[in-house]
Asker: 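Please read through the structure below; I'll follow up with questions.
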Amino acid sequence: MSDNPKSFHLSPEMHTYLLEHGTAPDAIAQGLIAATNELGGISIMQIAPEQGALMTMLTRLIGARRAIEVGTFTGYSALAIARGLPEDGQLICCDVSDEWAKIGIPFWEEAGVRDRIDLRIAPALETLQSIKEDGAFDLAFIDADKPNYANYVEELARLVRPGGLILVDNVLWMGAVIDREASDDNTLAIRAFNAKVAADDRFDCVMLPVSDGLTFLRVR
Ligand SMILES: C[S@@+](CC[C@H](N)C(=O)[O-])C[C@H]1O[C@@H](n2cnc3c(N)ncnc32)[C@H](O)[C@@H]1O
């Protein structure tokens with residue numbers, strides 16, 4: 001059964017079919033989903049399991065060793081990326097809330113990836129600006145405050161190596177990007193961001209209807 005609003009562009013039947021024909025979340029991932037659901041409605045912030053499976057696969061496919069995440073919440077996307085890294089890989093997680101991130105830590109431990117994750121609690125832009133290893137990262141994932149998306153991409157364009165990948169979440173914003181009536185700050189920020197990166201010749205840009213919309217930026 002699926003009525004996941006994050007996949008609003010698929011019928012519930014098609015979404016269920018899609019879920020039934022991909023690698024299912026294991027017991028650890030399901031445990032983290034259940035723990036996050038206990039938070040109530042805010043759990044909608046967690047990425048969908050099929051997106052997690054895709055991100056683990058992408059991390060492996062590009063042979064990522066070092067990654068950065070902007071927006072960790074309770075750690076599901078971090079778990080997905082960390083599981084795709086080699087044992088000596090590193091994922092820097094940026095979030096302002098350690099209260100939420102603490103929920104994920106036992107699950108990272110259970111999955112054996114805790115020592116790959118470097119959790120940094122601070123405004124993400126400050127964390128990114130403090131990292132001076134230009135070109136040292138293979139993969140990045142942006143899933144935090146929407147008005148800062150363009151600023152995050154500026155820093156990540158410096159930090160991610162040529163040929164590396166920046167993934168950007170919620171780029172369809174539940175369909176609001178094409179709703180002429182929608183003019184709230186987040187919608188305006190995402191629309192402007194989408195137009196900007198599509199025209200940015202530093203990247204190959206592909207937007208896919210995965211969950212709430214996922215943009216792939218391959219650094220040229
Ligand atoms: C959509 S949730 C991330 C969901 C997460 N990727 C997952 O799979 O569960 C967004 C997160 O961004 C964080 N956030 C919002 N503004 C931020 C900022 N300026 N710097 C760092 N983190 C921020 C929030 O605390 C929240 O945990």
Side-chain angles (χ1 to χ4, degrees), residues 1-8 15 19 22-60 64 66-87 89-128 130-131 137 139-149 152 156 167-170 173-174 186 210-214:
M1 201 292 305
S2 168
D3 58 358
N4 188 339
K6 284 179 217 158
S7 294
F8 63 94
H15 187 229
L19 290 177
T23 304
D26 68 1
I28 299 170
Q30 285 182 31
L32 181 48
I33 292 169
T36 305
N37 283 342
E38 285 176 19
L39 295 175
I42 195 123
S43 64
I44 187 69
M45 293 210 295
Q46 184 173 66
I47 61 159
E50 67 271 27
Q51 183 175 336
L54 172 66
M55 287 170 54
T56 302
M57 185 182 284
L58 286 170
T59 306
R60 290 185 180 139
R66 296 188 74 189
I68 304 180
E69 171 173 272
V70 178
T72 295
F73 187 42
T74 59
Y76 193 91
S77 50
L79 177 66
I81 296 169
R83 283 179 146 176
L85 295 171
E87 269 185 32
Q90 181 201 29
L91 170 63
I92 296 176
C93 282
C94 308
D95 207 293
V96 280
S97 160
D98 66 343
E99 190 189 328
W100 285 330
K102 270 186 201 156
I103 294 171
I105 290 174
F107 297 91
W108 297 346
E109 282 168 355
E110 200 181 342
V113 298
R114 176 68 189 95
D115 58 356
R116 297 175 202 173
I117 298 176
D118 174 0
L119 176 62
R120 303 199 187 176
I121 301 298
L125 199 53
E126 285 177 18
T127 301
L128 295 179
S130 73
I131 304 170
F137 295 85
L139 177 75
F141 176 52
I142 302 175
D143 187 17
D145 49 324
K146 311 312 169 194
N148 261 323
Y149 268 24
Y152 296 145
L156 292 168
L167 298 170
V168 189
D169 204 20
N170 304 116
W173 205 230
M174 298 293 292
N186 285 330
V210 174
S211 297
D212 190 26
L214 187 64

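Every heavy atom of this structure was used, including side-chain atoms; hydrogens, water molecules and symmetry mates were not. Numbering starts at 1 and runs along the sequence shown.
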Asker: To the nearest 0.5 Å, tell me how far Asp145 CG sits from Tyr152 OH.
Answerer: 3.5 Å
Asker: Decide yes or no for Asp143 and Gln51: does some side-chain heavy atom of the first lie under 4.5 Å from some side-chain heavy atom of the second?
Answerer: no
Asker: Which distance, rounded to the nearest 0.5 Å, do you find between the CG of Leu58 and the CD1 of Ile81?
Answerer: 10.0 Å
Asker: Grab the two heavy atoms, one from Pro49 and one from Ile33, that are nearest each other, plus how far apart they are.
Answerer: CG-CD1, 4.0 Å
Asker: Do Ile47 and Met55 have side-chain heavy atoms sitting under 4.5 Å apart?
Answerer: yes
Asker: Under 4.5 Å between any side-chain heavy atoms of Ile28 and Leu32, yes or no?
Answerer: no
Asker: Looking at side-chain heavy atoms only, is the closest gap between Leu214 and Phe141 below 4.5 Å?
Answerer: yes
Asker: Arg60: which residues meet the side chain to side chain contact (heavy atoms under 4.5 Å, CB included) condition with it, sequence neighbours left out?
Answerer: Thr56
Asker: Please report the interatomic distance CD1(Ile117) to CD1(Ile92), rounded to the nearest 0.5 Å.
Answerer: 12.0 Å
Asker: If you look at every heavy atom in Tyr76 and Gly52, which pair is closest and at what distance?
Answerer: CE2-CA, 4.3 Å
Asker: Say you draw a straight line from OG1 of Thr72 to CG of Asp98; how long is it, rounded to the nearest 0.5 Å?
Answerer: 11.5 Å
Asker: Taking all heavy atoms of Ala29 and all of Arg83, pick out the closest pair and write down the distance.
Answerer: CB-NH1, 4.4 Å
Asker: Using modelled atom types only, decide if a donor and an acceptor are shared between the side chain of Asp95 and the backbone of Ser97 within a distance under 3.5 Å.
Answerer: yes
Asker: Side-chain atoms of residues 102-112: list all donor-acceptor pairs with protein atoms under 3.5 Å, sequence neighbours left out, distances to 0.1 Å.
Answerer:
from	atom 1	to	atom 2	distance (Å)
Trp108	NE1	Gly75	O	3.1

Asker: Roughly how far, to the nearest 0.5 Å, is the CG atom of Leu139 from the CG atom of Leu156?
Answerer: 10.0 Å
Asker: Taking all non-hydrogen atoms of both residues into account, name the closest pair between Ser77 and Gly71 and its distance.
Answerer: OG-O, 4.2 Å
Asker: Quick one: do the Asn186 and Tyr149 side chains pair a donor with an acceptor below 3.5 Å?
Answerer: no
Asker: Leu39 versus Met45: any side-chain heavy-atom pair under 4.5 Å?
Answerer: no
Asker: List the atom of Leu119, the atom of Ala101, and the distance in Å for their closest heavy-atom pair.
Answerer: CD2-CB, 3.7 Å
Asker: Quick one: pull up CD1 in Ile131 and SG in Cys94 and give me the separation to the nearest 0.5 Å.
Answerer: 6.0 Å
Asker: Closest heavy-atom contact between Gln90 and Phe137?
Answerer: OE1-CE2, 4.1 Å
Asker: Would you list the pairs meeting side chain to side chain donor-acceptor pair (under 3.5 Å) in which at least one residue belongs to residues 111-126, sequence neighbours left out?
Answerer: Asp118-Arg120
